[in-house]
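Data block below; observations after.
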Amino acid sequence: MLMLVRFSELDAKGQAAFLDALNAYLYASPQQRRRLRDAWRLHDYGAPCADDPPCNDPPGLG
């Protein structure tokens with residue numbers, strides 16, 4: 001439930017980015033899913049994120 005609360009606190013752009021990343025994960029092969037999980041674990045979510053790619057791209061798909 002905590003994830004749903006945090007999702008509801010995102011603005012429209014953040015919700016769209018989350019849903020895009022989730023969709024990419026759901027349609028990924030097992031190998032791609034592993035790479036996505038590894039990239040998400042390594043991502044510094046505390047760092048400022050400008051509107052420049054690859055920051056807004058789902059991690060592991062670039």
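The residues of the chain are indexed from 1 along the displayed sequence. These figures come from a predicted structure and were not determined experimentally.
- With hydrophobic clusters built from ILVMFWY side chains whose heavy atoms lie under 4.5 angstrom apart, Met3 shares a cluster with Leu19.
- Hydrophobic clustering (side-chain heavy atoms under 4.5 Å, transitive across Ile, Leu, Val, Met, Phe, Trp, Tyr) keeps Val5 apart from Leu10.
- For Arg6, the CZ atom counts as loosely surrounded, since its 6.0 Å shell holds 12 or fewer non-hydrogen atoms of other residues, nucleotides or ligands.
- Taking all atoms of both residues into account, the shortest heavy-atom contact from Tyr25 to Arg37 is OH-NH1, 3.0 Å.
- A salt bridge is absent between Asp38 and Arg35; no separation between the charged side-chain nitrogens and carboxylate oxygens falls under 4.0 Å.
- Looking at every heavy atom in both residues, Ala28 comes nearest to Leu36 through CB-CD1, 4.2 Å.
- Scored by the side-chain contact (heavy atoms from CB on, under 4.5 Å) test, Leu22 finds Phe18, Leu26 as partners (sequence neighbours excluded).
- Shown here are the side-chain hydrogen bond (donor to acceptor under 3.5 Å, both in side chains) partners of Ser29, two or more places apart in sequence or in another chain: Gln31, Gln32.
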